[in-house]
Amino acid sequence: MRPKEQLRQILIQALQQAQASGEIAFETLPAFEVEEPKQADHGDLATNLAMVLAKPAKMAPRKIAEIITNNLAAPEGMLQKVEIAGPGFINFFIAAAYWRQVIPEIYSLGLEYGNSELGRGQKVQVEFVSANPTGPLHIGHGRGAALGDALANLLTAAGYEVVREYYINDVGNQINTLGKSLYFRLRELQGEKIDFPEDGYQGDYMKDLARDYLAAGNPPPSPSPTEEDFVTLGRYAGDVILAGIKKDLEDFGVSFDRWFSETDLYDQGEVEKSFQHLKEKGFLYEQDGALWFKSTAFGDDKDRVVRRSTGVTTYFASDIAYHLYKFQQDYNLVVDIWGADHHGYVPRLQAAVEALGVEGRLQVILVQLVSLLRHGEPVAMTTRGGTFVTLREVIDEVGKDAARFIFLTRRPDSHLDFDLEVAKTQSPENPVYYVQYAHARLASVFRQAEAQEIPLPEPDPGLFPLLQLPEETSLLKMLAHYPELMEAAARNLEPHRITYFLTDLASQLHSYYYKHRFISEDAALTQARLCLVQAIQTVLAHGLGILGVEAPETM
RNA sequence: GCGCCUGUAGCUCAGAGGAUAGAGCAACGGACUUCUAAUCCGUGGGUCGCAGGUUCGAAUCCUGCCAGGCGCGCCA
C-alpha cells in the first residue's frame with residue numbers, strides 16, 4: 001500500500017477541481033507534505049498543503065483548507081473524518097477498513113512486499129570496504145561493510161540492478177613494504193635480532209603470516225634480498241591477507257559480485273586511456289617534471305599530481321581510471337563508501353569525474369570513524385602499530401547480527417562509539433535481539449497453532465473486520481506504511497531508517513502479544529489474528545533481510 | 001591557519017521546516033498457572049552547544065562563536 005501517495009493524489013484532484021470551479025487560483029503547486037502526525041489526535045495522516053498554498057493563492061490557510069476539504073473525492077469508506085486544525089493543517093482520520101486491506105496485499109506479495117519499482121532497473125554500483133590488503137579488516141571496515149551491504153540490498157529491493165564491488169589496491173610500494181615486513185619477520189623467526197623497519201606493518205598478524213609461510217614449506221629468506229624478493233614476498237602476503245579479508249566478510253554476511261584489481265587498470269591500459277581523455281579536454285599539464293590534473297577548475301583547493309617526476313603514477317591516477325572505467329559500464333549511479341578520514345579526497349575525485357563528463361552520477365558516502373570502547377574506556381587503534389580490534393574479533397565476540405544491527409542503527413554521519421562490552425554483555429537487551437525475538441515469537445505461535453491442528457490462516461476478507469483493537473489498527477497502519485518507508489530509505493540511501501522501523505514494529509507486536517491471545521476459543525478471531533501476525537512476521541523478515549540480519553525461527 | 005563531520009535526557013542514538021522533541025540502556029515501582037518474561041505496564045529525567053537572523057512556524061535553514069573527531073603529500 002502507498003497511503004501517503006494515494007492521499008496526495010486525492011488532494012491534488014481536489015485542488016484541480018477547486019481551481020476549475022474558480023474557488024481558488026494560483027500559478028504553480030508548491031511542494032507539500034503528507035505525513036503521519038506525531039500525535040494521535042491529529043489523525044492518521046496530515047498535510048500542510050493549505051499552509052504552503054497561502055502565499056501563492058493569496059488566501060488564509062484555514063480558508064484554503066476548507067476549500068480543499070469540500071472538494072475531496074476519496075474512495076468510499078476511506079476517510080472517517082477530516083479536520084482543519086491549528087494554523088491550517090488538514091488532518092485525516094482513516095477508517096480501519098482501509099488499513100485492513102494491507103493483509104491480503106502482504107499475503108499475495110509475501111517477501112516481495114516492501115519492494116518497489118523505484119529504480120526502474122537502472123544500474124547502480126556500490127563500491128565498499130575496498131581495504132588495502134596489507135592487514136586484516138578492523139571494526140571501522142565492518143561499519144562500511146554493513147552499510148554497503150545493506151544499501152545494496154535496499155537498492156535491489158527498490159528495483160535497481162546492483163553490482164557490489166571491492167577495489168583492491170595491489171599496486172604501488174605498499175606491496176613492497178608488505179614484502180619487507182614479512183621478510184624481517186622471517187629473519188626474526190630464524191633467531192636473528194632485527195631492527196624492524198619503521199614504515200613496516202608491525203601488527204602481530206605479520207608474525208603469524210611468517211610462521212605460516214615457513215610451515216608451508218616455503219624457502220627461507222635470502223640473506224641478501226633484492227627488490228624482487230620483497231615484491232614476491234609482498235604478493236604472497238597480499239594474497240594471504242586478501243583471502244583472510246574475504247573470509248571475514250563472508251562470515252559477516254557480506255558478498256561481492258566483483259573483486260576489482262587495481263593491477264588490471266594498468267594491464268588493460270585504462271590509466272593511459274583516462275590520461276588521454278583528460279588531455280583532450282585540456283585538464284592535464286606538466287610542471288616540475290610531473291603531470292598534473294587541473295582539479296581547481298572544478299573547485300578543488302589545488303591541482304593534483306597524477307604522475308610523479310619519477311614517472312610513477314599516483315594512487316589518484318588509478319582512481320581516475322577506475323572511475324572512468326566504472327562509468328563506461330553504464331552505471332546510472334555509482335556509490336562509493338569511504339571512511340571519513342578520506343574526506344579530503346572527495347573534491348578531487350568529483351572533479352575528475354566531472355572532467356570526464358559524468359557529473360552527478362557519483363555519490364560518495366562518508367562513514368564516520370568508529371571509536372572503540374571497552375567498559376566505557378577508549379581503546380587506542382592504529383593500523384601500523386598493530387593495536388586494533390579486528391572485524392574478526394567483533395564477529396566472534398559480539399556476533400554478526402548484533403554488530404550489523406548496531407552499525408545500522410546510526411546514520412553514516414554519526415561518530416560512532418562502539419563499546420565491545422556493552423554490545424556483548426547487554427546482548428539480551430540489545431535491540432537486535434528484541435527484533436529477532438519478535439520474529440521467533442511469531443514462529444512459535446505458528447508452531448503452537450500447528451500443534452493444536454489449527455489450519456493455517458487464509459486471508460479471507462470476511463475475517464478482517466474482527467480486527468478492531470487499537471493495537472491491531474496501529475499494527476496494520478505500520479504495515480501499510482512499510483513500502484513507502486522502504487522507498488524513502490532507498491531514495492536517501494539510508495538503511496538505518498529500516499532499523500528504526502523494525503524496532504518500532506517489534507515493540508508494538510510484543511505489546512500486542514502480551515495483552516491479547518492470538519490463539520483462542522474463537523475460531524474466526526483466531527484466524528483473523530493469525531493473518532495479521534503472519535503479515536507482521538513477513539515484514540519483519542523482509543526488513544531483517546535488507547539489513548543482513550537473521551530472522552530466526554527460535555531463540 | 002583552511003576544509004569536512006558531529007554537538008538532542010545520566011549514557012548510546014533517532015528526529016533534518018510543522019502542532020505538546022522521541023527510543024533503547026541506566027534509575028525507580030509493578031506483571032510469569034498463559035501462544036517463548038530475550039517480554040509487558042508505569043514513574044522520573046531536556047535551555048535540542050551558545051548567540052543572532054530568515055518565517056505564519058526552527059532541534060531542523062543561514063551567519064558568527066564555542067567544544068570534540070577527522071583531514072589538509074610528487075603517500076596509499
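Throughout, protein chains are lettered first and strands after them, A, B, ... in sequence-line order, and every chain is numbered starting at 1. A quick note: this is a predicted structure, and the numbers were derived from the prediction, not measured.
Residue contacts shown for A:Ala438 are absent, as no nucleic acid heavy atom lies under 4.0 Å away. A:Glu553 comes within contact range of at least one nucleobase, with a heavy-atom separation under 4.0 Å. Heavy atoms of A:Arg447 sit under 4.0 angstrom from at least one base atom. As judged by a 4.0 angstrom heavy-atom cut-off over every strand, A:Ala340 is placed among residues touching the sugar-phosphate backbone only. The residue A:Arg411 sits close to a base: some heavy atom pair falls under 4.0 Å. Counting any heavy atom pair closer than 4.0 Å across all strands shown, A:Ala449 reaches no nucleic acid atom. Heavy atoms of A:Tyr500 sit under 4.0 angstrom from primed sugar atoms or phosphate atoms, though from no base atom. At the heavy-atom level, A:Asp288 lies under 4.0 Å from base atoms of the strands shown. Among the atoms of the strands shown, none is found under 4.0 Å from any heavy atom of A:Asp303. A:Gln39 comes within 4.0 angstrom of a nucleotide base, judged by non-hydrogen atoms across all strands. Residue A:Leu369 is classed as a sugar-phosphate contact, given heavy-atom separations below 4.0 Å to backbone atoms only. At the heavy-atom level, A:Phe446 lies nowhere under 4.0 Å from the strands shown. The residue A:Asp341 sits close only to the backbone: its heavy atoms come under 4.0 Å of sugar-phosphate atoms, none of a base. Within the nucleic acid shown, A:Ser520 has no heavy atom closer than 4.0 Å to any nucleic acid atom.
For the pair A:His496 and B:G15, the criterion of a side-chain N or O lying under 4.0 Å from OP1 or OP2 is met. Regarding contacts with the backbone of B:A37, a side-chain N or O of A:Arg441 is found under 4.0 angstrom from either OP1 or OP2. OP1 and OP2 of B:G24 both lie 4.0 Å or more from every side-chain N or O belonging to A:Arg410. When the side-chain nitrogen and oxygen atoms of A:Thr409 are compared with OP1 and OP2 of B:A14, none of them lie within a distance under 4.0 Å.
When the P atom of B:C35 is taken as reference, atom CD of A:Glu521 falls 13 Å away, rounded to whole Å. Atom CD of A:Gln350 is separated from atom P of B:C4 by 15 Å (rounded to the nearest Å). Going from atom CG of A:Asn430 over to atom C1' of B:C13 covers 13 Å, rounded to whole Å.
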Bracket string, RNA chain B, 5' to 3' - pairs by Watson-Crick or G-U geometry under 3.5 Å, | interstrand: (((((((..((((....[...)))).(((((.......))))).....(((((..]....))))))))))))....

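Comparing B:G71, B:C5, B:U12 by their nearest atom to the side chain of A:Asp417 picks out B:U12. Minimum atom distance to the side chain of A:Val305 is reached by B:C74, of the listed B:C74, B:U34, B:C5. Across B:C56, B:U34, B:A76, the shortest atom-to-atom separation from the side chain of A:Lys55 is found for B:C56.
For A:Lys81 and A:Phe93, the positive end sits near the middle of the six-membered ring, less than 6.0 Å away and at most 45° from its axis. A cation-pi contact, defined as under 6.0 Å to the ring centre and within 45° of the axis, links A:Arg8 to A:Phe32. Both tests pass for A:Arg441 against the ring of A:Tyr513: distance under 6.0 Å to the centre and angle within 45° of the axis.
A gap of 13 Å separates the C1' atoms of B:U8 and B:A16, to the nearest Å. Separation of the P atoms belonging to B:G22 and B:G18 is 14 Å when rounded to the nearest angstrom. Using atom C1' as the reference point in both B:A58 and B:C48, the two lie 11 Å apart (nearest Å).
For B:G18, the base is not stacked against the aromatic ring of A:Phe89, per a cut-off of 5.5 Å between centres and 30° between planes. Stacking between A:His42 and the base of B:A19 is present: ring centres sit under 5.5 Å apart and the planes differ by under 30 degrees.
Taking a cutoff of 4.0 Å between a charged side-chain nitrogen and a carboxylate oxygen, A:Glu494 and A:Arg411 do not qualify as a salt bridge. Comment: A:Lys4 does not engage A:Glu484 in a salt bridge, judged by the lack of any side-chain N to carboxylate O separation of less than 4.0 angstrom.
Side-chain contact of A:Glu472 with A:Tyr512: a donor-acceptor pair under 3.5 Å is present, judged by distance alone. Of the N and O atoms on the side chains of A:Glu471 and A:Ser511, not one donor lies less than 3.5 Å from an acceptor on the other residue.
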